[in-house]
There are 2 protein chains.
Amino acid sequence: MKDGPDISRIAALIGDPARSNMLLALMDGRALTASELADAAGITKQTASFHLARLLDGALLAREIQGRHHYFRLDNADVGHAIEVLLGIAESRTGNRARTGPKEPALRKARICYDHLAGELGVLVYDRMCAQRWLTGAGNETFVTPKGWVALKRIGVTKSDLSNSRRPQCKTCLDWSMRRHHLAGVVGQKLLEQFFERGWAKQLPQTRIIEFSKKGEASLRKWLN
Amino acid sequence: MKDGPDISRIAALIGDPARSNMLLALMDGRALTASELADAAGITKQTASFHLARLLDGALLAREIQGRHHYFRLDNADVGHAIEVLLGIAESRTGNRARTGPKEPALRKARICYDHLAGELGVLVYDRMCAQRWLTGAGNETFVTPKGWVALKRIGVTKSDLSNSRRPQCKTCLDWSMRRHHLAGVVGQKLLEQFFERGWAKQLPQTRIIEFSKKGEASLRKWLN
DNA sequence: TTCATCATTCGATCGTAATCGAACCATGAA
DNA sequence: TTCATGGTTCGATTACGATCGAATGATGAA
């Protein structure tokens, strides 16, 4: 037990209500200021600052300072993934109802998972992209095929957009409500960005829900054939 | 924040060193007695009993009473999955070295993940089974093909073995060291069982390491072509 | 410079969770 | 019955972490 990975340290960081509320507030991938996070958790600024320092120290959060504003965001997608898994367990305990996943149908349909699309539509995107051989590779190591790049270009995501990023291009992320995988990684992020820019979807304020317009969903399905 | 899934409750349960040590000790899928767990965590029986009651209450553990022995095991594979994810984060924080995953090469090669095989060999099994169309389906919903049942029968796993289980037959589990998927679910469990029975591999006591004999690994690779 | 705002640090308080000794309960063996 | 063992409950202690008021640092605007 000496120098092994200290799982309890990480879990304890998430295990405080104030901190977990702040982490949940960051699950949409945005960066929030200390005051906003204090608000989200319902605590004073001092207390928030204390907790944020701990989260920074544990490298669950990253901070970016702009003038007098300090912006905090999840340090990486792994943190978001851990929170999704814990959400899944917590839900199965408290909910105790037959169907898995979030209660709100809207959340189950489409939501943001750190910085990419999750829910029914997220799984649909991943499935269709696999079925049409736009993606290749088993398990978590997934790559875009040449055919896939053509399709992505049609929607405004180009290879050069991602070349200078250190993040893995594609990853899969286990979907909490669907119990299947959806697309994460830079491609997943850029894709969602395009959905927003094209007006196909927008994020409901203060929630993780992503709402597709009728037209937007139709366009998406058309793109996926 | 009223009645939503309480992620901090779950995380706080894992976030105590004594409890996390007990959970880690159970990651090999076996069921251990209260005394054994007290030992594993380095605490007295009373304290262990206190923690075990909390873990039961939070439904992270399940208890089975046999005479005066109380056996504890992880309540389900989701719990094991959550711990693997946290292990991954903790490792990336403390280790800070380039390569991901456990330090010990043996652990990276083959280890037990809740009740199935993980590590390089675990990923190999999954990849080969997919490549030969013994498994089908994208994401986490995976099924054994007719061709796959033939191959599984050759190694002693038959369809009838699993018919009366409520657990999903096949699941994929994200491998902490490899960052790829390996096979979980009942099939993954039965498969590992066969590896043990055939003497291809054995678990090193007090560790999660699974050691394949030279002959055993050769037999495994032959089975996978 | 002065002022307002955003954030962190300090200090003190408070509550609660972890711990263990001791007692108690249940089971199985003698 | 008695005894030994595995496990839980009770009670008291202890220590640590969360919280907030107040003070201190920054930054940007007037």
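In what follows, every chain begins at residue 1, and chains take the letters A, B, ... in the order their sequences are listed.
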For [N], does OP1 or OP2 lie under 4.0 Å from any side-chain N or O of [X]?
{"X": "B/R54", "N": "C/dT19", "answer": "no"}
{"X": "B/T44", "N": "C/dC20", "answer": "yes"}
{"X": "B/S35", "N": "D/dG7", "answer": "yes"}
{"X": "A/H70", "N": "D/dT27", "answer": "no"}
{"X": "B/R63", "N": "D/dT8", "answer": "yes"}
{"X": "A/H51", "N": "D/dG17", "answer": "no"}

Taking atom types as they are modelled, would you say the side chain of B/Q46 forms a donor-acceptor pair with the base of C/dG21 within the 3.5 Å cutoff?
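Counting by modelled atom types and ignoring angles, a donor-acceptor contact under 3.5 Å is found here.
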With the side chain counted from C-beta on, respond yes when A/Y71 and A/L37 share a heavy-atom pair under 4.5 Å apart, and no when they do not.
no
Distance check needed: [N] [atom2] versus [X] [atom1], whole Å only.
{"X": "B/D16", "N": "C/dA17", "atom1": "CG", "atom2": "P", "result": "11 Å"}
{"X": "B/E36", "N": "D/dG7", "atom1": "CD", "atom2": "P", "result": "8 Å"}
{"X": "B/L55", "N": "D/dT8", "atom1": "CG", "atom2": "P", "result": "12 Å"}
{"X": "B/R68", "N": "D/dG6", "atom1": "CZ", "atom2": "P", "result": "6 Å"}
{"X": "A/M22", "N": "D/dA18", "atom1": "CE", "atom2": "C1'", "result": "11 Å"}
{"X": "B/I43", "N": "D/dT8", "atom1": "CD1", "atom2": "C1'", "result": "14 Å"}
{"X": "A/Y71", "N": "D/dA26", "atom1": "OH", "atom2": "C1'", "result": "16 Å"}
{"X": "B/I65", "N": "C/dG28", "atom1": "CD1", "atom2": "C1'", "result": "15 Å"}

Carboxylate-amine/guanidinium contact A/E193 A/R198, below 4.0 Å
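No salt bridge links A/E193 with A/R198.
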Please tell me which of the listed nucleotides, D/dT19, D/dT8, C/dC20, lies nearest to the side chain of B/T47?
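Closest nucleotide to the B/T47 side chain: C/dC20.
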The single option from A/E211, A/E217, A/E120 passing side-chain hydrogen bond (donor to acceptor under 3.5 Å, both in side chains) against A/K109
A/E217
Looking at every strand, decide which applies to B/S49 at a 4.0 Å heavy-atom threshold: base, sugar-phosphate, or nothing.
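Answer is base: heavy atoms of B/S49 come under 4.0 Å of a base.
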Select base, sugar-phosphate, or nothing to describe what A/A48 touches, counting heavy atoms under 4.0 Å on all strands.
nothing
Within the distance-only criterion (no hydrogens, no angle test), does the side chain of A/D57 pair as donor or acceptor with the backbone N or O of A/A53 below 3.5 angstrom?
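Pair absent, no side-chain N/O of A/D57 close to backbone of A/A53.
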For A/S49 and A/Q46, does a side-chain donor sit closer than 3.5 Å to a side-chain acceptor?
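A/Q46 and A/S49 do not have a side-chain donor-acceptor pair below 3.5 Å.
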